[in-house]
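As structure tokens, the structure follows; a few thoughts come after it.
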Amino acid sequence: MSQVDVNGLPALQPLNDGGDPGRTIGQRLLNVLPWAALESIAITLLGILVSMVLFGVFVLLAGHSPFEVYELMYKGAFGTSFAWGNTLTRAAPLLLTGLCTALPARLGMVIIGGEGALVMGGLSAAAVATAVSGASPAVTISCMFLAGSLVGGLWIAAAGALKQFRGVNETICSLLLIYIAVAILNHMVDKGPMWDPSSLNNPSSHFIGDANRIGKLPGIDVHWGLVIGIVACLICWVLMDRTTLGFAASIVGGNARAAKMAGLSIASITLIVSFLAGAAAGIAGVTEVAAVHGRANANLAVGYGYTGILVAFLARHNPLAIIPVAVLIGGISAGGGRLQKSLMMPDATALVFQGILFLVVLVFETLYGRLKFLQRREAKS
Amino acid sequence: MTEDSLGLWSVPLAMVAGAIRVSTPFIFVSLGETLTERSGRINLGLEGTLVMGAMAGYAISYQTSVALGAPGGLAMAVSPWIGVIAAGLAGAVFGILHAWLCSKPRVNDVAVGIALMLFGAGLAFYLGKPYIKPTAPRLQAIPFGFWSDNTKVQNALEVNALFLVGCVLAPFILWGLRNTRYGMILRTVGESADAARAMGYSVNGVRMIATAAGGFLAGIGGSFLSLYYPGSWNEGLSSGQGLMAVALVIFARWNPMKCLYASLLFGAAGAIAPALQSVGVHSGRYLFTAAPYVFTLVIMIFTSSSSRTMAGIPAELTAAR
């Protein structure tokens, strides 16, 4: 049984052409290429291709033409500017919930409770918006983001702390916290302290006010959450790949005993990283409240947290790779909506596709080091 | 009818009833996961298996009742049990899938479990879409409360046969693990894969059987949800019970009898919210719904330790962490 490869894309191979005599220019060029990164990308693409074939068979068994299904999905995801807007709107929270699983994975922790942090982040943002009503929009929005990231961060940091200090299984713990978060959400907005009595059919908190909503990006039907998500991924990539914290996290994930010998505080690294992870998911909740719904209600818990797990694993826990993967998965769910409308297929069709994709990509881990044409030529000599 | 004659006593009574009524899925999933983890592998996908079992059981029960010509007495009696078997088989298929994927080098069992959790739920929602409306024949309860005149006591002591099966299965599995050759092979694989290999046993083969058996039991646990309590198929049916059962195995220290006791405890915790509602406590009902999750979490906090290895944990599980 191997550990999850938590290091994302393997490190680029050092430039080692060193003017070695007896090598042609072509061979030297081959050495310059980042083979490990290429292997990772190739295996992921191969996995996507194989899962498309498997899903095609599934669709065929369900009595539809795979080609028609894929054409419709493509049109529904990337065919028009409206479709792009739909895809990117779904991708925005996935960027952040993907980080919630990807960052702790660097430490060897499998956190799958992003949905809970998202719900708590959104709920606290709505609470703050009500509490500071009357303040200027700039203040209100800042407070919402602050509260959302703080509460979401503490939510996952709690799982990290329990893992660190009590040895509680963080996977199960973070998942249990989802159900607790959803119960708190329902308690607050359904005839509870935050209930807006005018929300009859769909119990919700009070509307945050039009001035406090974050708007759409110019030129496309996507809210600013997309930019926030992309920036968060970039920041996390820098943090994890270019700073001492990220380096320390990798050491802790690789060998906790070595990290202790090197004088690293495992506890504080665990807490910081799990806090950042939860903060990312919490911000996803804030953007859902501030940009999409305008209030906190059951619509917060529609599964972005769960899909974020898939995004993180597909991206091999690399914050940069999360960006294209989130767009792809956002596209699959947008395309799934199109299937539902055009072919009357169940709305769970996209979930089946995502499940197949998840399984295939995990199993393709086994191909690492086995694809001969992707091994560095130099290794043979 | 003596509706209020029990007064506040109806709360503990409802919790006993809840323990009997709600615990069955916990019993089956946790016994199955005990077998799987004793072989040295974790299957977190049992949540998906549970949902899949619930869907398959309900769908097959409905289909066979239609085929047998409902509403005959025969169909009502036989169809649900065919559904239960079908649910078990669906679960076993998921178990085999998990075991097969994990037998590949570099493939992580926790990650595959998470993937199967999402895939199982997605597939069950897809295939189960046509079965949300129709009514399938359910499992019948055995009335053990016949001696009492009180309807509440009678209701509380309506026991499903699957619950009794679970109660018998737990000591049977314990006996099997301790006293049979197969139990010994399973424990050897879970304690030291190398030793098992040296003795000539196929580690992957044993794990395959253990995971398939775990999936079979989890599938049956799922069929209880759709065929008895709450007794219909819908997408919010499970809400984490498969996962709580996995946490419960840790609490029960991988011991089948303790799994049974812990399941009863979890069942009682799950019955708090409906029990309080039945006596008119409605405020904070959502928070009481969260009671089983908080309860599970608290138990995990108190039974885990960062410094010591847990007593009873199969050694291969520790090695995997």
Side-chain angles (χ1 to χ4, degrees), chain A residues 1-5 58 62 108 110 112 162-169 171-173 175-188 190-192 303 306-307 309-310 313 345-370, chain B residues 40-41 44 47-48 97 101-102 104-130 235 239-240 243-244 246-247 250 283-294 296-297 300-302 304-308 310 316 319-321:
Chain A
M1 252 167 292
S2 58
Q3 291 289 320
V4 191
D5 189 352
F58 176 82
V110 187
I112 57 177
L162 287 175
K163 158 86 171 175
Q164 178 62 33
F165 300 115
R166 290 295 307 173
V168 175
N169 182 311
T171 313
I172 297 175
C173 172
L175 206 62
L176 288 173
L177 283 171
I178 297 177
Y179 294 104
I180 296 172
V182 171
I184 294 175
L185 171 74
N186 285 327
H187 173 73
M188 296 303 265
D190 190 357
K191 304 198 171 64
Y306 293 103
T307 314
I309 307 166
L310 167 64
F313 272 95
M345 293 178 83
D347 49 356
T349 311
L351 288 182
V352 174
F353 193 7
Q354 289 174 8
I356 293 175
L357 194 59
F358 201 164
L359 283 172
V360 171
V361 166
L362 282 178
V363 172
F364 273 37
E365 295 272 313
T366 197
L367 290 180
Y368 278 86
R370 285 210 206 164
Chain B
R41 204 176 258 159
L44 279 186
E47 172 74 20
L97 187 61
L101 297 177
C102 292
K104 307 262 172 266
R106 290 178 61 102
V107 177
N108 177 278
D109 54 349
V110 171
V112 170
I114 298 167
L116 277 178
M117 194 191 300
L118 300 179
F119 179 62
L123 195 62
F125 295 169
Y126 181 94
L127 297 174
K129 202 80 189 174
E235 298 184 352
S239 62
L243 222 96
M244 285 155 72
V246 175
I250 303 173
S283 61
R285 66 194 162 110
Y286 288 111
L287 295 184
F288 285 115
T289 330
Y293 309 106
V294 176
T296 312
L297 197 57
M300 279 179 64
I301 293 169
F302 279 104
S304 305
S305 162
S306 57
S307 49
R308 296 172 281 122
M310 280 181 271
E316 287 283 318
R321 283 193 180 147

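In what follows, chains are A, B, ... by sequence order, proteins preceding strands, each numbered from 1. Since the structure is predicted, the reported quantities are computational estimates derived from the model, not experimental observations. The figures here come from the full heavy-atom set of this structure, side chains too, leaving out hydrogens, waters and symmetry mates.
Both the backbone and the side chain of B:K104 come within contact range of chain A, each with at least one heavy atom under 4.5 Å from a heavy atom of that chain. At a 4.5 Å heavy-atom cutoff, the contact between A:I356 and chain B is made by backbone and side-chain atoms alike. For chain B, no part of A:M188 is nearby; none of its heavy atoms comes within less than 4.5 Å. Looking at A:T171, only its side chain comes within 4.5 Å of chain B, counting heavy atoms on both sides. Interface residue A:I112: only side-chain heavy atoms are found under 4.5 Å from chain B. For B:F288, no part sits under 4.5 Å from any heavy atom of chain A, backbone or side chain. Proximity to chain B is limited to the backbone of A:F165, based on heavy atoms less than 4.5 angstrom apart. A:L162 touches chain B through its side chain: at least one heavy atom from C-beta onward sits under 4.5 Å away, while N, CA, C and O do not. Residue A:Q354 does not touch chain B at all, counting heavy-atom pairs closer than 4.5 Å. Only the side chain of A:F58 comes within contact range of chain B, with heavy atoms under 4.5 Å apart.
In plain terms, the two heavy atoms of B:V110 and B:N108 that are nearest each other are N-OD1, 2.9 Å.
Of the residues considered (B:T296, B:V294, B:L116, B:I301), B:I301 shows the highest number of contacts with chain A, using heavy-atom pairs under 4.5 Å. Counting heavy-atom pairs closer than 4.5 Å to chain B, the top residue among A:L185, A:L351, A:D190 is A:D190. The candidate from A:L177, A:T366, A:L357 with the greatest count of non-hydrogen atom pairs under 4.5 Å with chain B is A:T366. For the set B:G122, B:P292, B:A291, B:G128, the count of heavy-atom pairs under 4.5 angstrom toward chain A peaks at B:G122. Most heavy-atom pairs under 4.5 Å with chain A: of the set B:L97, B:L287, B:V246, B:L123, this distinction falls to B:L287. Comparing B:F302, B:Y126, B:F119, B:F125 by how many heavy-atom pairs each has under 4.5 Å with chain A, the most go to B:Y126.
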Please walk me through it: do A:L362 and B:L101 pass side chain to side chain contact (heavy atoms under 4.5 Å, CB included)?
CA-CA 9 Å; A:L362 282 178; B:L101 297 177; over 6 Å; no
Go through it in stages, so that I can follow the logic: the residues are A:N169 and B:S304, the test is side chain to side chain contact (heavy atoms under 4.5 Å, CB included), and I'd like the CA-CA distance, side-chain angles, deciding distance and then a yes or no.
CA-CA 8 Å; A:N169 182 311; B:S304 305; over 6 Å; no
Evaluate the criterion side chain to side chain contact (heavy atoms under 4.5 Å, CB included) for residue pair A:I309 and A:F313; output intermediate values, then yes/no.
CA-CA 6 Å; A:I309 307 166; A:F313 272 95; 3.8 Å; yes
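To the nearest 0.5 Å, atoms CE (B:M300) and CD1 (A:I172) are separated by 5.0 Å.
B:E47 is not listed as a side-chain neighbour of B:I114, based on a closest heavy-atom distance of 4.5 Å or more. A heavy-atom distance below 4.5 Å is not found between the side chains of A:T349 and A:F353. Contact annotation: the side chain of B:M117 approaches that of B:L243 to within less than 4.5 Å [non-hydrogen atoms, C-beta and beyond]. At a threshold of 4.5 Å between non-hydrogen side-chain atoms, the residues A:L310 and A:V361 do not count as touching.
With hydrogens and angles disregarded, a donor-acceptor distance shorter than 3.5 Å links the side chain of A:Y179 to the backbone of B:G240.
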